[in-house]
Amino acid sequence: MTLNLTINGVRVEAEEGESLLDVARRNGFEIPSLCHHEAVAAYGACRLCLVEVTKGGRKKLTTSCNYEVLGGIEVVTESAAIRRHRAMVLELILAEAPESATVKALAAEYGVTRSRFAASGAGEDRDGCILCGLCARVCAEVVGANALTFRKRGDNRQMGTPFVEEPQTCIACGACAWVCPTSCVGFDEQNGERKVHRWKRSLPLAKTEKGHAFAPQFQLFHFRKLAKLEADFYKKAPGER
Ligand code: SF4
Ligand code: SF4
Ligand code: FES
């Protein structure tokens, strides 16, 4: 069903079930985000995508990545109050990831060049991780490896492997490093091995007939297994799938 709403005074259309962030961006309105990726479910961790929504005469600030659009709402994506909120959030994020070029550039857009806060994680070194959860969502929902999870609670919360050891289901595909907004995962290939530094995972690379290393053997097994599952699925009659 097509819904009508306004964003910054402009009438736009959306489909039921779409997120406000996707609708706004599709219509050219810029909203910052660090924990959103179109390939995975929204999680609402970074709180940078805050916008103001008026519904039935009541205004509220809400994250737009996990807000399903409704017909008749009025949305404002930029205002002094929204900028103040985003600047505060960025100050907190900058404290956690002071070396991240992405975070520094985004913070500077909101006038934040230093943070008054100390990094959290009493006794635990998060080392640039802002707990956005993107790596774990991509690993589970796109790769299907489920190698990562949140550990501990509160100030000591961490992203990592379930038992703080080399994750046995990790295929070293590098998708987590690719999506990490602070580039804190670390990933390279050396001496015939691919290494995913943050998770301490190293896997030998398979080679072509000419001896060029191209992908971890384990990753190839994983993709062959997925290809077989897919082929078996399509062999079945539609009613049996
Ligand atoms: S490199 Fe490992 S942890 Fe990262 S997405 Fe791939 S399988 Fe998951
Ligand atoms: S490692 Fe990167 S992607 Fe994963 S939760 Fe931390 S900041 Fe997000
Ligand atoms: S993009 Fe919405 S909370 Fe991070």
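Atoms within a ligand are numbered from 1 in the order they appear, just like the ligands themselves.
For atom 3 (S) of ligand 3, the nearest non-hydrogen atom of the protein is R47 N, 3.2 Å. Here the heavy atom of the protein found nearest to atom 7 (S) of ligand 1 is I171 N, 3.3 Å. Here the protein heavy atom with the shortest distance to atom 6 (Fe) of ligand 1 is C173 SG, 2.3 Å. Protein heavy atom closest to atom 5 (S) of ligand 2, with residue, atom name and distance, is G133 N, 3.2 Å. Ranking protein heavy atoms by distance to atom 8 (Fe) of ligand 1, first place goes to C139 SG, 2.4 Å. Counting only heavy atoms of the protein, atom 2 (Fe) of ligand 1 lies nearest to C170 SG, 2.3 Å. The nearest protein atom to atom 1 (S) of ligand 3, hydrogens excluded, is given as S33 CB, 3.3 Å; this is a heavy-atom distance.
Using a 3.5 Å distance cut-off with no hydrogens or angles, the side chains of Q158 and N156 do not pair a donor with an acceptor. S33 and R25 share a side-chain donor-acceptor pair at under 3.5 Å. Under 3.5 Å, the side chains of E68 and S19 contain no donor-acceptor pair of N or O atoms.
Inclusion of C129 in the first shell of atom 6 (Fe) of ligand 2 is supported: an N, O or S atom falls under 2.8 Å. Contact annotation: C132 places an N, O or S atom under 2.8 Å from atom 8 (Fe) of ligand 2.
Across every non-hydrogen atom of V51 and V76, the tightest pair is CB-O, 3.4 Å. Between P181 and S100, the closest heavy-atom pair is O-OG, 3.9 Å.
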Could you give me the CA-CA distance, side-chain angles and deciding distance for I31 and L50, then say whether side-chain contact (heavy atoms from CB on, under 4.5 Å) is met?
-> CA-CA 8 Å; I31 298 175; L50 278 173; over 6 Å; no
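In this structure, R83 is positioned above the aromatic face of Y110, its NZ or CZ under 6.0 Å from the six-membered ring centre and within 45° of the axis.
Each of the following atoms of ligand 2 lies closer than 4.0 Å to a heavy atom of T182: 7 (S). Close approach of ligand 3 to C46 is summarised as follows: ligand atoms under 4.0 Å from at least one heavy atom of the residue are 1 (S), 3 (S), 4 (Fe). Remark: ligand 3 atoms within the under-4.0 Å shell around heavy atoms of C65 are 1 (S), 2 (Fe), 3 (S). The ligand atoms of ligand 2 that sit less than 4.0 angstrom from a heavy atom of C180 are 2 (Fe), 3 (S), 7 (S). The atoms of ligand 3 that sit less than 4.0 Å from any heavy atom of G44 are 3 (S).
Under the 4.0 Å criterion applied to side-chain N and carboxylate O atoms, K200 and E166 are not assigned as salt-bridge partners. The pair R26-E18 meets the salt-bridge criterion, with a side-chain N (NZ, NE, NH1 or NH2) lying under 4.0 Å from an Asp/Glu carboxylate O. A salt bridge is defined here as a Lys NZ or Arg NE, NH1 or NH2 lying under 4.0 Å from an Asp or Glu carboxylate O, and R116 with E91 meets this definition. In summary, E96 and R126 engage in a salt bridge, as defined by a charged side-chain N under 4.0 Å from a carboxylate O.
For C184, every heavy-atom contact with ligand 2 shorter than 4.0 Å involves the side chain, none the backbone. With a 4.0 Å heavy-atom cut-off, ligand 1 is reached by the backbone of C176 and by its side chain too. At a 4.0 Å heavy-atom cut-off, ligand 1 does not touch C135 at all. The residue F187 has no part lying near ligand 1, judged by heavy-atom distances below 4.0 Å.
Heavy-atom separations between L148 and ligand 1 include at least one value shorter than 4.0 Å.
Without hydrogens or angle criteria, E74 side chain to G72 main chain gives no donor-acceptor distance under 3.5 Å.
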